[in-house]
There are 2 protein chains.
Amino acid sequence: MITVEDARALLFDLVSPLESEAIRLADAAGRILAQDIVATRDQPPFAASSMDGYAVKSSEVEPHAMFKVIGEAAAGRRFEGLVGPGQAVRIFTGAPVPEGADFVVIQEDTEQRSDLLTITDTPGPKSNIRSAGVDFVSGTKITAPRCLRPEDVALIAAMNIPKVPVARQPVIALISTGDELVLPGETPGPDQIIASNTFGLKALLEKAGAKVRVLPIAQDTVASLETAFGLAEGADLVVTIGGASVGDYDLVSEVSQGLGMERSFYKIRMRPGKPLMAGRLGKTAMVGLPGNPVSAMVCGYLFLVPMVRRMLGIAQALTPLQRARLAEPIDKNGPREHYMRAILNDTGIRVCDDQDSSLLSVLAQANALLVREPNDPARLAGDEVQYLPI
Amino acid sequence: MITVEDARALLFDLVSPLESEAIRLADAAGRILAQDIVATRDQPPFAASSMDGYAVKSSEVEPHAMFKVIGEAAAGRRFEGLVGPGQAVRIFTGAPVPEGADFVVIQEDTEQRSDLLTITDTPGPKSNIRSAGVDFVSGTKITAPRCLRPEDVALIAAMNIPKVPVARQPVIALISTGDELVLPGETPGPDQIIASNTFGLKALLEKAGAKVRVLPIAQDTVASLETAFGLAEGADLVVTIGGASVGDYDLVSEVSQGLGMERSFYKIRMRPGKPLMAGRLGKTAMVGLPGNPVSAMVCGYLFLVPMVRRMLGIAQALTPLQRARLAEPIDKNGPREHYMRAILNDTGIRVCDDQDSSLLSVLAQANALLVREPNDPARLAGDEVQYLPI
């Protein structure tokens with residue numbers, strides 16, 4: 001049995017950052033930028049008015065000054081002439097400031113009659129002009145890697161970049177195993193239950209940025225498992241669920257090794273999720289998750305999500321732990337690292353009463369995994385502890 | 001001019017929670033559950049072994065006790081007979097516990113030779129049996145509304161519910177307006193810039209749960225705007241961007257009122273985003289955003305995202321403000337509520353140097369909007385302030 005930390009190091013060895021692909025900007029939000037983006041234009045590309053008003057020479061601006069309005073500049077349609085002494089150009093927000101002008105008097109401070117403009121109120125010192133390139137200039141970089149937020153997408157649009165280089169999404173094939181499983185919507189026999197892990201893990205891994213292929217449930221036979229592994233071809237990562245403990249019916253290890261899997265490790269000193277297995281099948285990484293629903297999901301958070309993040313090229317593959325104070329005391333921990341289902345709210349963090357690894361109802365109530373070191377002593381209410389938000 | 005709070009109340013009046021639709025469980029993650037889900041089965045549906053071992057009578061469990069192994073129970077295939085005195089059934093994790101047995105001795109504590117089983121180590125007091133219904137029973141509820149997390153999806157799968165009632169996603173039509181705008185990938189004229197708001201807002205609103213229809217850019221003519229409004233038909237919310245201030249070329253108000261818009265309000269006492277407009281066009285809500293990129297995005301966070309959340313039926317439509325300490329002092333605020341672009345890190349929160357509402361590069365660096373009340377006095381480093389995470 002190895003530690004969670006050692007297991008992660010070995011799992012990271014099984015995967016590498018994937019190649020990039022160019023996608024439409026409209027689809028880029030939430031994807032991971034794979035190469036720096038460099039602006040090839042200035043924004044704004046010209047000095048632009050930030051207000052509706054009149055473009056004049058700043059040296060002529062004072063209360064009661066009068067100007068002749070000689071034209072108009074709108075966003076998208078500049079005034080082509082020159083603003084001379086005593087002249088003004090009607091200007092709208094976003095319009096290029098005409099040559100000869102270096103000040104925009106806002107219209108609230110003016111009165112126009114026919115082509116005669118009078119400044120009626122003292123304009124402040126602000127020129128109401130945005131210089132060319134004040135937002136960004138040719139050469140301004142957006143550095144990779146980064147998860148593209150809506151603001152980044154807007155900025156990339158402003159740079160006139162219609163296609164964006166992002167990390168390809170890793171493809172993960174999910175194989176649930178076990179004669180007892182049927183899919184939601186089927187009628188389970190009296191000894192059967194519903195394959196829930198597949199759906200929970202699919203949601204978790206897609207949220208982390210992967211593309212998930214749900215394969216048919218494998219029965220507890222060599223032939224059925226081999227068929228499922230065959231269907232996983234082309235995936236970056238194959239994840240089996242169940243069939244990873246010591247029972248005679250736990251064939252995943254046998255079949256995957258028969259197919260040439262080089263095992264990386266088996267069993268982790270943790271709760272829940274001890275019987276985790278990993279290795280390499282040709283170019284494909286393979287992880288065998290335990291079948292208990294909570295174990296499978298916790299291992300998803302602790303191991304699969306970081307693997308996805310590493311394949312996406314995210315610098316910080318591990319989600320940093322947070323700190324909170326215990327709302328209620330907890331007993332000492334046993335010899336294995338323990339990820340306890342817990343509920344965090346304004347009063348602190350509290351572990352759920354029943355930590356059995358079969359209880360999805362408890363996991364669905366939890367919003368945190370409280371992390372206990374091996375042999376961590378009993379803790380009092382108010383003690384600070386670490387947790388992983390879920 | 002009205003306050004942000006009053007504007008939100010009026011905006012919420014323009015929209016209502018949408019009807020629900022039944023979707024495949026595999027697509028349900030991230031969607032908002034619209035009706036309670038009620039389990040119609042127990043999980044596990046039978047008492048199940050939580051370990052690999054031997055099912056026996058607990059009254060017979062003691063070191064060196066011997067049993068005759070009479071059969072086998074695997075997950076998905078129960079042992080149909082009865083476990084009598086002195087008898088044991090080989091059992092695997094997840095298998096139904098056979099009748100007559102009420103204890104599972106884990107295999108590590110036993111030795112089997114032929115059909116003879118001996119307990120070799122003292123079994124603990126744990127029965128290693130999960131009772132029927134320990135996770136959930138028929139009648140257990142998952143209450144709506146809630147945003148379905150991966151854990152919820154797993155639980156719903158376990159309840160054998162293949163289709164899930166979720167709130168229909170609101171459809172939002174985005175109309176960018178202005179002769180100066182071209183789409184990313186086009187070649188802008190010398191007076192033109194790229195329509196960036198459309199892409200930033202699309203990303204923001206999709207992240208909040210909406211479906212976004214990007215309509216063609218409307219020129220600054222009545223005809224072009226009317227065409228765009230016509231293309232918005234069927235949307236739950238029409239959002240125009242730009243053309244909302246006082247200039248002669250700002251036609252959105254004129255055209256929308258010509259089409260029968262009942263105006264709800266125009267102008268908010270806030271920075272950035274003062275010239276916000278809203279109303280109702282028949283059954284469709286309409287919001288007119290200012291055209292400055294930062295103003296448009298900030299209004300998206302403050303107003304559009306809460307409207308989306310309300311249409312999705314989310315109880316808490318407003319994202320609660322967070323608190324942080326200032327890393328650097330800030331000047332007093334003016335008479336309008338101010339949402340300052342700010343950067344939050346381990347040292348506290350710091351407002352960005354240039355708060356001009358045209359600067360997407362600043363917005364893309366920010367991860368928070370620091371909220372200032374009207375006339376808020378100057379604040380010192382270390383003072384606690386409120387912010388909205390972005």
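Every chain is numbered from 1, with letters handed out A, B, ... down the list of sequences. What you see is a predicted model; the values in this text were computed from it and never measured.
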Review point. Is A/Glu99 atom CD crowded by more than 12 heavy atoms from other residues, nucleotides or ligands, each under 6.0 Å away?
Key: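 Counting other residues, nucleotides and ligands, CD of A/Glu99 stays at 12 neighbours or fewer.
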
Practice item. Flag yes if more than 12 heavy atoms outside B/Arg271 fall under 6.0 Å of its CZ atom; otherwise flag no. Key: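 Check fails, neighbour count at 12 or below.
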
Point to revise | Residues in residues 196-203 of chain A near chain B [non-hydrogen atoms, under 4.5 Å] | key: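 When heavy atoms of chain B are the reference, residues 196-203 of chain A contributes A/Ser196, A/Phe199, A/Gly200, A/Lys202, A/Ala203 within the under-4.5 Å range.
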
Exercise for review: Give me the contact list for residues 184-194 of chain A versus chain B, heavy atoms only, anything under 4.5 Å, ordered by residue number.
Suggested key: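 From residues 184-194 of chain A, the residues near chain B are A/Pro184, A/Gly185, A/Glu186, A/Pro188, A/Pro190, A/Asp191, A/Gln192, A/Ile193, A/Ile194.
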
Check your understanding: By a 4.5 Å heavy-atom criterion (distance strictly below it), what part of A/Ala48 contacts chain B: side chain, backbone, both, or neither?
Key ->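 Looking at A/Ala48, nothing touches chain B.
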
Review point. Where on A/Leu183 is there a heavy atom nearer than 4.5 Å to chain B: the side chain, the backbone, both, or neither?
Key: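 The backbone, not the side chain.
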
Given that the side chain runs from C-beta out, which part of [X] has a heavy atom under 4.5 Å from chain A: side chain, backbone, both or neither?
| X | result |
| --- | --- |
| B/Arg78 | both |
| B/Ala296 | neither |
| B/Ile142 | neither |
| B/Pro96 | side chain |

First locate atom [atom1] of [X], then atom [atom2] of [Y], and finally report the distance between them rounded to the nearest 0.5 Å.
| X | Y | atom1 | atom2 | value |
| --- | --- | --- | --- | --- |
| A/Ser357 | B/Arg130 | OG | CZ | 5.0 Å |
| A/Phe46 | B/Glu180 | CZ | CD | 8.0 Å |
| B/Thr93 | A/Asn292 | OG1 | CG | 7.5 Å |

Exercise for review: Please assess B/Arg77 against A/Asp220 for the test side chain to side chain contact (heavy atoms under 4.5 Å, CB included), listing each intermediate value before the final yes or no.
Suggested key: CA-CA 11 Å; B/Arg77 283 194 307 279; A/Asp220 287 323; 5.5 Å; no

Nearest non-hydrogen partners of [X] and [Y], listed with the distance:
| X | Y | result |
| --- | --- | --- |
| B/Ala195 | A/Ala157 | O-CB, 4.0 Å |
| A/Arg146 | B/Ala364 | NH1-O, 4.0 Å |
| A/Asp135 | B/Ser361 | OD1-OG, 2.6 Å |

Check your understanding: Is there a donor-acceptor pair closer than 3.5 Å between any side-chain N or O of B/Arg149 and the backbone N or O of A/Asn367?
Key ->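 Not at all, since once roles are kept as given, no pair shorter than 3.5 Å links the two residues.
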
Only pairs of heavy atoms separated by less than 4.5 Å count here; which of [options] has the most with chain B?
| options | result |
| --- | --- |
| A/Thr140, A/Ile390, A/Val212 | A/Ile390 |
| A/Gln43, A/Lys163, A/Met51, A/Lys207 | A/Gln43 |
| A/Arg41, A/Glu206, A/Gln365, A/Gln219 | A/Arg41 |

Tell me which of these, [options], has more heavy-atom pairs under 4.5 Å with chain A than the rest.
| options | value |
| --- | --- |
| B/Ala366, B/Pro293, B/Gly178 | B/Ala366 |
| B/Ile91, B/Asn160, B/Val153 | B/Asn160 |
| B/Ala158, B/Pro162, B/Ala95, B/Gly76 | B/Gly76 |

